[in-house]
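Input: a single structure, listed below in structure tokens.
Any value given below was found using the heavy atoms of this structure, including those in side chains, with hydrogens, waters and symmetry copies removed.
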Amino acid sequence: MNQELVKARKELMAKRDIERNLPCYLRNLAGVYYRMANYNLAMQSVSFFEGVEEGDIELPKEAKKYADYFRKQMSILISRDSAVPAEALEKTGLVRKELTTAMQALTAYTDILYLHEYVLQRLAPGMEGTVEDIDSNAALEEISSFLFLDEDKEGLLARTSQTISELPVRMTKAKFMEWIRSTASVYKEADGETLDRVFYMLYSSAGLYEPEGMELFPACKEALEFLNSLEYRALTKEQYDTAKEKLEEVTRFISSVSEVYFSLMEIANSLMTVYFTESYVMPVDIEATKGCREIYRMLAEAKSFTEAELVEAFESFEGLPEELEELLFSEEAYFDELPVEEKLLEAMMQKTLYTRVMYARRLHTSSLFVELEKGSEKELSFDTVLDAFCEAVADALEKGQRAINRAVMARVIQNLPLPFTRKSDIQKYVLASLENCHDMSEKTAALRAIRELAEGM
């Protein structure tokens, strides 16, 4: 454990000798992040580039330039004789933004394509000749035994939400809009950040979120255009088979490309953390990361690793990432409570260091695509945000096919709080959903999906 860091933090929290303890704490914390980022970067880079070379990772042409860029950065990291050029940090930040844009686009395609997957799943029993003769009351009893299997309230809510998202949706557009307004009202007093998160999720689930970067993946665009051109109500078996094949193909593509972008984003975050903190680290931190620089040298030379070389390099910091992770877990809880204000930071000429440590902290979170600079929140009222969403959904439902509309409704309902307060209310909704569905293919698919949920619990 870094005793100097812990001591400085305790003094700061007690508001004692801030002028001495704040720089000490920040420099030590920067050193911890520097070491952690180097260990992560070494492991992530070896795993990624070895995977590419051995054919385990298929590098799409859209991502090759980023892989090439990161390999070139290894030559900068080899030496500690001079500081990292400012343009390297700036360029890496731009690369990170591009990776974020790409992943947002892939996520948006996934959300939109899910609506088509939902429809095809409902058509499957009829197309494949496996329709069951389902009795609604018997199905209600089966579903109830799954929903109410224990008294755990949170478990009941989760099971009910998932079950309702699989049931046939049989409600008018007006009733659906009423459902949205009623259940979303729980967020009326929420802060701006919470509203942004909730309504991003709702727009995404409705297939209404189309960020920048969608044009980066023409294969996804072409598949979506094909699926949008289908008339699901009159789909032939041949069209169904083609649509299913097309959807499976684009899903595999998105999954494969997303894995690559996730790996590249991990590398970007670790690299940026190294760049943010390297000017403030102490000799002990440099010495502790010597094995990492040996790995960077091999990567910069595009050299194939021998097992002995890797073992030697990784043994130099074996067990240290776990120790640092434990230290950071305990220290990060204190960071927001530090007795610092902007005027104090400027007066002590510690603002740059504080900001860089703050960025390193954000990059260390489990959210790979976290924003480093939080933009100014739009002061929009709950009613304004809700009205805009309802208008967008209503417009989509007006233009959409019935099958897709039902998929939209199911997804949105799944991501809203439940309106039920009693067991009988849940059962009433389930039975009405089953009885009002006269499409046995859809009914069969829904019950099978719920059975799969029950088996997975």
Side-chain angles (χ1 to χ4, degrees), residues 1-10 24-51 53-54 56-57 70-71 73-74 76-80 84 259 262-301 303-335 356-368 370:
M1 179 177 287
N2 188 320
Q3 297 293 341
E4 189 176 17
L5 179 147
V6 174
K7 182 180 177 181
R9 183 257 299 161
K10 289 180 177 179
C24 176
Y25 181 73
L26 291 176
R27 283 183 67 89
N28 274 279
L29 193 54
V32 175
Y33 279 120
Y34 173 83
R35 290 171 64 180
M36 191 72 199
N38 269 289
Y39 299 150
N40 285 334
L41 180 60
M43 293 185 287
Q44 292 158 355
S45 298
V46 167
S47 176
F48 178 78
F49 286 108
E50 275 203 326
E53 289 169 9
E54 294 175 4
D56 296 328
I57 296 176
F70 289 135
R71 190 185 285 276
Q73 294 308 294
M74 298 298 147
I76 295 177
L77 295 168
I78 294 171
S79 173
R80 277 289 310 172
V84 171
E259 287 182 13
F262 265 96
S263 296
L264 290 170
M265 196 64 170
E266 286 180 330
I267 293 173
N269 286 351
S270 296
L271 182 62
M272 284 196 73
T273 302
V274 172
Y275 285 173
F276 275 134
T277 57
E278 62 89 32
S279 297
Y280 304 96
V281 298
M282 292 171 273
V284 64
D285 300 310
I286 298 170
E287 179 63 24
T289 54
K290 184 168 61 174
C292 298
R293 282 184 290 282
E294 178 58 23
I295 291 173
Y296 303 151
R297 181 186 63 78
M298 289 187 282
L299 288 169
E301 296 172 358
K303 179 182 176 181
S304 296
F305 310 122
T306 67
E307 186 174 346
E309 287 173 325
L310 285 179
V311 168
E312 182 180 355
F314 283 123
E315 277 184 345
S316 68
F317 56 87
E318 185 178 2
L320 295 180
E322 291 78 11
E323 291 181 17
L324 293 180
E325 191 67 60
E326 186 176 346
L327 175 62
L328 288 172
F329 180 77
S330 62
E331 289 301 318
E332 286 182 341
Y334 296 103
F335 192 81
R356 289 193 168 202
V357 171
M358 179 179 64
Y359 287 163
R361 177 172 174 254
R362 289 178 183 168
L363 288 167
H364 186 66
T365 64
S366 58
S367 177
L368 283 180
V370 65

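Looking at residues two or more places apart in sequence or on another chain, you find a ring pair (Phe, Tyr, Trp, His ring centres under 6.0 Å) between F276 and Y359. The salt bridge (charged side-chain N to carboxylate O under 4.0 Å, His left out) test applied to E287 returns K290, not counting sequence neighbours. Considering only residues two or more places apart in sequence or on other chains, K10 meets the side-chain hydrogen bond (donor to acceptor under 3.5 Å, both in side chains) condition with none of them. Remark: R71 engages E53 in a side-chain hydrogen bond (donor to acceptor under 3.5 Å, both in side chains) (not counting sequence neighbours). Residues passing the ring pair (Phe, Tyr, Trp, His ring centres under 6.0 Å) test with Y39 are F317, sequence neighbours excluded. Among residues two or more places apart in sequence or in another chain, the side-chain hydrogen bond (donor to acceptor under 3.5 Å, both in side chains) test is passed with E301 by R297.
Taking each heavy atom of R356 and Y275 in turn, the nearest pair found is NH1-O, 3.5 Å. Nearest heavy-atom pair, G291 versus S316, reported as atom, atom and distance to 0.1 Å: CA-OG, 3.3 Å. Residue A360 comes nearest to T277 through the heavy atom pair CB-CG2, 4.2 Å, listed as atom of the first residue, atom of the second, then distance. Closest approach of Y296 and N38 over heavy atoms only: OH-OD1, 2.8 Å. Here the closest heavy-atom approach between residue L328 and residue L29 is recorded as CD2-CD1, 4.0 Å. Looking at every heavy atom in both residues, G31 comes nearest to V281 through CA-CG1, 4.0 Å.
R362 CZ to S367 OG: the interatomic distance, rounded to the nearest 0.5 Å, is 11.5 Å. One finds the CZ atom of F314 at 4.0 Å from the CD1 atom of I295 (value rounded to the nearest 0.5 Å). The distance from the CG atom of L41 to the CG atom of N269 is 10.5 Å, given to the nearest 0.5 Å. Between E332 atom CD and T365 atom OG1 the span is 8.5 Å, to the nearest 0.5 Å. Rounding to the nearest 0.5 angstrom, the gap separating the CG atom in L264 from the CG atom in L368 is 11.0 Å. With rounding to the nearest 0.5 Å, the separation of CZ in F70 from CZ in F49 is 8.0 Å.
No side-chain heavy atom of Y280 sits less than 4.5 Å from a side-chain heavy atom of V357. Contact annotation: the side chain of P321 approaches that of M36 to within less than 4.5 Å [non-hydrogen atoms, C-beta and beyond].
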side-chain contact (heavy atoms from CB on, under 4.5 Å) between V274 and Y34, intermediate numbers included: CA-CA 5 Å; V274 172; Y34 173 83; 3.9 Å; yes
Full working for side-chain contact (heavy atoms from CB on, under 4.5 Å) between E331 and Y334: CA-CA 6 Å; E331 289 301 318; Y334 296 103; 4.1 Å; yes
Worked check of side-chain contact (heavy atoms from CB on, under 4.5 Å) between H364 and E325: CA-CA 10 Å; H364 186 66; E325 191 67 60; 3.0 Å; yes
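A donor-acceptor pair under 3.5 Å links the side-chain atoms of S330 to the main chain of L327, judged by distance alone. Without hydrogens or angle criteria, D285 side chain to M282 main chain gives a donor-acceptor distance under 3.5 Å. Without hydrogens or angle criteria, R293 side chain to I286 main chain gives a donor-acceptor distance under 3.5 Å.
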